[in-house]
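What follows is a set of notes on a single structure, which appears directly below.
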Protein chains: 2
Amino acid sequence: MAVTDEAIEKIKGMIVSGALRPGDRLPKESELAADLGLSRNSLREAVRALSLIRILDVRQGDGTYVTSLDPQLLLEAMSFVVDFHRDDTVLEFLAVRRILEPAATAMAALRISEQQLDALTAQLDKLGEAPSVEDLVACDLEFHRGIVQSSGNSVLCSLLDGLSGPTTRARIWRGLTQEDAVGRTLREHRAILAALRDRDAEAARSWATVHIASVEQWLRSTL
Amino acid sequence: MAVTDEAIEKIKGMIVSGALRPGDRLPKESELAADLGLSRNSLREAVRALSLIRILDVRQGDGTYVTSLDPQLLLEAMSFVVDFHRDDTVLEFLAVRRILEPAATAMAALRISEQQLDALTAQLDKLGEAPSVEDLVACDLEFHRGIVQSSGNSVLCSLLDGLSGPTTRARIWRGLTQEDAVGRTLREHRAILAALRDRDAEAARSWATVHIASVEQWLRSTL
DNA sequence: TGACGTGATACGTCGGAGGTCTTAAGCGAC
DNA sequence: GTCGCTTAAGACCTCCGACGTATCACGTCA
């Protein structure tokens, strides 16, 4: 195994074992390199790799720190990965989202606060009747994120956040080509919100399923 | 933005735009560094980072290649990330798995082949009545992986693979073996398999839910 | 024709030299 | 005494050049 890969494993080990805790500062590059028995250049490769996936936070002029290791932060790296997938795998991502999002919406129906409900309502009202496609997509993303956050599971939230990347692309495409998609999306959002207000988990789940399935169906028919 | 980060973005852009396709070979380090306008050392940091998340495949003495970019390969990097999470977030990961795995099992019930069913049966038979903990854990992992693969969704499969990481699984099982969990697990596996044979998606989904919920319940009571 | 050796090629590792940014201590003015 | 600026130290950023090591392809020889 290359010395850089060894260094990655060793740093990982230090964190997993608890020798390095979230927020801790690492020894400076030259010291850490000496400790691990490799050159500063090779160590930097290891640190850079761990930095890309948000394990380490490198601050020039200051030092290198272990991040909070929040699920949100680490899974955020997933969206970077998802970007590499081409359209032919979008359907598979969408299928996973079709499983997770209704479940998250149902969970949210039992936990969401009145305050959050009002915020979602205001958000939908602000958009108006005939928004631009860009505004609609941005709003859609925000709407679903708000709901999923209310599910109370940060892992689930981050996962869906990452999965929404390709879906978003598809939805832009759809909005540009399918005439009634805008109005339909707005109506479905209202329906989901109403189900949440009613604390009706099953209705919320069903509307979320319908919402995603409509995108999926359209995508399947055009690919 | 640092030159290395720029290089990461540029290489990512070349792949996403299609200038570099899966399997393609990159220019050699010195040339690529010159093209992107940075030193070979800094470029290597970028390549190493992309290599960690399985975007690039570096072969000493040969060259650097774009990987297949299969969802399986890229999401495999997630298990690396999951390893960093502490016990207090295991429940959240388990909750997500509780959503995905029953759905995957239900999907599998409609698609799994007779051949795969026989393979799963043989696998359970081989384990016997009183297996060792190591064998049980390995078998459990393999059993679920086999089912999820039959769902036909590689993204879903990779995702669950990452969530069921060896670390998480091992931690859970370590304490679980004290109870009657072994026999219970074996019985539940048999039940899931029977549902699959009957092509009964709902029964398969329910058994899978029960299977995971029992682990979740135990974990919640002990943490 | 096939096995072997050798050279070319490309990645792996290293040490050192400046450069840039952040932080905090030192210092003077209000 | 407090605030703001200057300055110096510390740490990461980038680069260069050199050498080590693994792989592949070509040519040689049996």
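Every chain is numbered from 1, with letters handed out A, B, ... down the list of sequences.
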Kindly give the heavy-atom pair with the smallest separation between [X] and [Y], and that separation in Å.
{"X": "Y65(A)", "Y": "L26(A)", "value": "C-CD1, 4.3 Å"}
{"X": "L50(B)", "Y": "L52(A)", "value": "N-CD2, 4.4 Å"}
{"X": "T67(B)", "Y": "L56(B)", "value": "CG2-C, 3.7 Å"}
{"X": "D24(B)", "Y": "A19(B)", "value": "OD2-O, 4.2 Å"}

Produce a footprint string for nucleotides 8-17 of chain C: one letter per nucleotide, 5' end first; B if the base is under 4.0 Å from any protein heavy atom, S if only the sugar-phosphate is, - if neither.
-BBBBBBBBB
Yes or no on side-chain contact (heavy atoms from CB on, under 4.5 Å) for M107(B) and I99(A), after CA distance, side-chain angles and deciding distance?
CA-CA 11 Å; M107(B) 289 167 68; I99(A) 297 169; 4.3 Å; yes
Find every protein N or O atom lying less than 3.5 Å from an N or O atom of nucleotides 5-8 of chain D, and list the pairs.
none

Spacing of L163(B) atom CG and L159(A) atom CG [to the nearest 0.5 Å]:
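Reported to 0.5 Å precision, the distance equals 6.5 Å.
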With rounding to the nearest 0.5 Å, note down the distance linking CZ in F143(B) to NE2 in H211(B).
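Between atom CZ of F143(B) and atom NE2 of H211(B) there are 7.5 Å.
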Rounded to 10°, tell me the angle between the two end axes of the helix from dT1(C)-dA30(D) to dC30(C)-dG1(D), each built from five pairs.
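One end's axis against the other's: 10°.
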Applying side chain to side chain contact (heavy atoms under 4.5 Å, CB included) between S164(B) and each of L94(B), V82(B), V148(B), L141(B), report the one that passes.
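The residue from L94(B), V82(B), V148(B), L141(B) that satisfies side chain to side chain contact (heavy atoms under 4.5 Å, CB included) with S164(B) turns out to be L141(B).
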The test is side-chain contact (heavy atoms from CB on, under 4.5 Å); show your working for Q116(A) and L120(A) and say whether it passes.
CA-CA 6 Å; Q116(A) 286 168 312; L120(A) 289 175; 5.6 Å; no
Send over the distance from Y65(B) OH to dA22(D) C1', rounded to a whole Å.
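Atom-to-atom, Y65(B) to dA22(D), this comes out as 13 Å.
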May I ask you to decide if the ring planes of H189(B) and H144(B) are parallel, tilted or perpendicular, using 30° and 60° as cut-offs?
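Answer is perpendicular, since the angle exceeds 60°.
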